[in-house]
Amino acid sequence: MIPKGVRLVALLVGILALALPYSARADLKEWTVAVAPTYAVTYADSRTANGGGFALDVGFGLSDALSLHASGNLSWHQADATKTQASGVLSGFTALLSLNYTLDVIRLVPSFDLGLGVIGLRGDAAFGSSTAAAGVEKPLTGLCLALGFQLDYLLTRHVAVGVEVRYHVALTDADRLPMYLYTGPRVIFHFGG
């Protein structure tokens, strides 16, 4: 069963997508590839862990305004010690499929997306699950919902620069991983269309 909060977010995004003007031109059948160095923060087992990493996103235009995206993010975070857990480096990852809605406004292009995928944290920098790694953070892999916002500036028809923010909510193990967020600049390359 889908949690009530997830259904409400999906309904609100759908209503917003229908209410926005349909002047977008995300270019039907166009491929995009975006890369981003990221600042990432997670709240894991009552600890706030800051760090960084990178994200990769590949999109395909389904219509003038909608595109389907597959994206992933890797990040590393320094976690402080608690009474029950050792300090160390947390490694995090996400893998998502999302639907993106784009508004073309001349060269400034805002867009937002709603995605569903997998999120995970491990207790060492190599994404391992050894006993020592479990002392820092017990391995966690779960289903997540992601909301993203991007604002890009077209340098040319085929290259854009921008910024993105993506907020992830774990749908499983939400008590251990209530929030994961990353943000950063990005470069986007457009192909085909």
Side-chain angles (χ1 to χ4, degrees), residues 1-17 34 36-59 67-101 111-150 163-184 186:
M1 172 141 206
I2 299 173
K4 188 176 184 179
V6 174
R7 288 183 291 182
L8 180 60
V9 169
L11 177 64
L12 290 174
V13 169
I15 290 170
L16 183 59
T38 61
Y39 160 77
V41 62
T42 185
Y43 298 124
D45 292 328
S46 75
R47 296 183 288 180
T48 301
N50 295 289
F54 63 92
L56 177 66
D57 181 276
V58 176
S67 55
L68 183 64
H69 288 255
S71 61
N73 175 62
L74 297 176
S75 62
W76 294 267
H77 312 257
Q78 183 60 45
D80 294 331
T82 67
K83 291 180 181 180
T84 59
Q85 295 168 307
S87 66
V89 175
L90 302 178
S91 52
F93 65 90
T94 63
L96 302 165
L97 278 178
S98 57
L99 193 57
N100 184 284
Y101 182 78
S111 62
F112 63 92
D113 60 48
L114 178 64
L116 185 64
V118 177
I119 189 168
L121 278 179
R122 299 295 186 268
D124 72 3
F127 295 92
S129 56
S130 67
T131 304
V136 176
E137 178 71 35
K138 293 177 187 165
L140 178 126
T141 303
L143 188 63
C144 76
L145 179 70
L147 299 171
F149 176 75
Q150 302 82 30
V163 64
E164 73 175 307
V165 175
R166 184 159 289 152
Y167 181 80
H168 301 78
V169 177
L171 299 176
T172 56
D173 281 330
D175 55 328
R176 287 188 55 210
L177 182 63
M179 191 277 297
Y180 178 87
L181 176 128
Y182 73 79
T183 185
R186 68 188 207 146

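Residue Thr183 holds its OG1 atom at 9.5 Å from OH of Tyr39, rounded to the nearest 0.5 Å. Note that OG of Ser98 is 7.0 Å distant from CG of Leu68, once rounded to the nearest 0.5 Å. Atom-to-atom distance recorded for Ser46:OG and Lys83:NZ is 11.0 Å, nearest 0.5 angstrom. Phe93 CZ to Leu74 CG: the interatomic distance, rounded to the nearest 0.5 Å, is 9.0 Å. Atom OG1 of residue Thr94 and atom OH of residue Tyr182 lie 5.5 Å apart, to the nearest 0.5 angstrom. In this structure, CG in Leu140 is found 5.5 Å from CG in Leu177, a value given to the nearest 0.5 Å.
Here the shortest heavy-atom pairing between Ala44 and Leu90 reads CB-CD1, 4.4 Å. The heavy-atom pair separating Ala79 from Arg47 by the smallest distance is CB-NH1, 3.7 Å. Residues Gly92 and Phe127 come closest through the heavy atom pair O-CE2, 3.5 Å. Pairing each heavy atom of Ala133 with each of Gly128, the nearest pair is CB-O, 3.7 Å. Residue Cys144 comes nearest to His168 through the heavy atom pair SG-CD2, 4.2 Å, listed as atom of the first residue, atom of the second, then distance. Contact between Thr172 and Gly142 at its shortest, heavy atoms only, is OG1-CA, 3.1 Å.
Arg122 is linked by a salt bridge (charged side-chain N to carboxylate O under 4.0 Å, His left out) to nothing, counting only residues two or more places apart in sequence or in another chain. For the salt bridge (charged side-chain N to carboxylate O under 4.0 Å, His left out) test, no residue two or more places apart in sequence or in another chain qualifies with Glu164.
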Assess whether side chain to side chain contact (heavy atoms under 4.5 Å, CB included) is satisfied between Gln78 and Val89, documenting all intermediate values.
CA-CA 5 Å; Gln78 183 60 45; Val89 175; 3.7 Å; yes
Stepwise, does the side chain to side chain contact (heavy atoms under 4.5 Å, CB included) test hold for Leu121 with Thr42?
CA-CA 9 Å; Leu121 278 179; Thr42 185; 4.1 Å; yes
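Using a 30° and 60° split on the angle between ring planes, Phe54 and Trp76 fall in the tilted class, from 30° to 60°.
The shortest distance between side-chain heavy atoms of Val41 and Met179 falls below 4.5 Å. Taking the side chain as every heavy atom from C-beta outward, Leu114 and Leu147 approach each other to under 4.5 Å. Taking 4.5 Å as the limit, some side-chain heavy atom of Leu116 sits within range of a side-chain heavy atom of Leu171. With contacts defined as side-chain heavy-atom distances shorter than 4.5 Å, the pair Val165/Leu181 qualifies.
If you check the side chains of Gln150 and Asn100, you find a donor sitting under 3.5 Å from an acceptor.
Few gaps surround OH on Tyr167; more than 12 heavy atoms of other groups in view lie less than 6.0 Å from it.
With salt bridges taken as basic N to acidic carboxylate O contacts below 4.0 Å, one links Asp113 and Arg166.
Aromatic ring centroids of Phe112 and Phe149 lie 6.0 Å or more apart.
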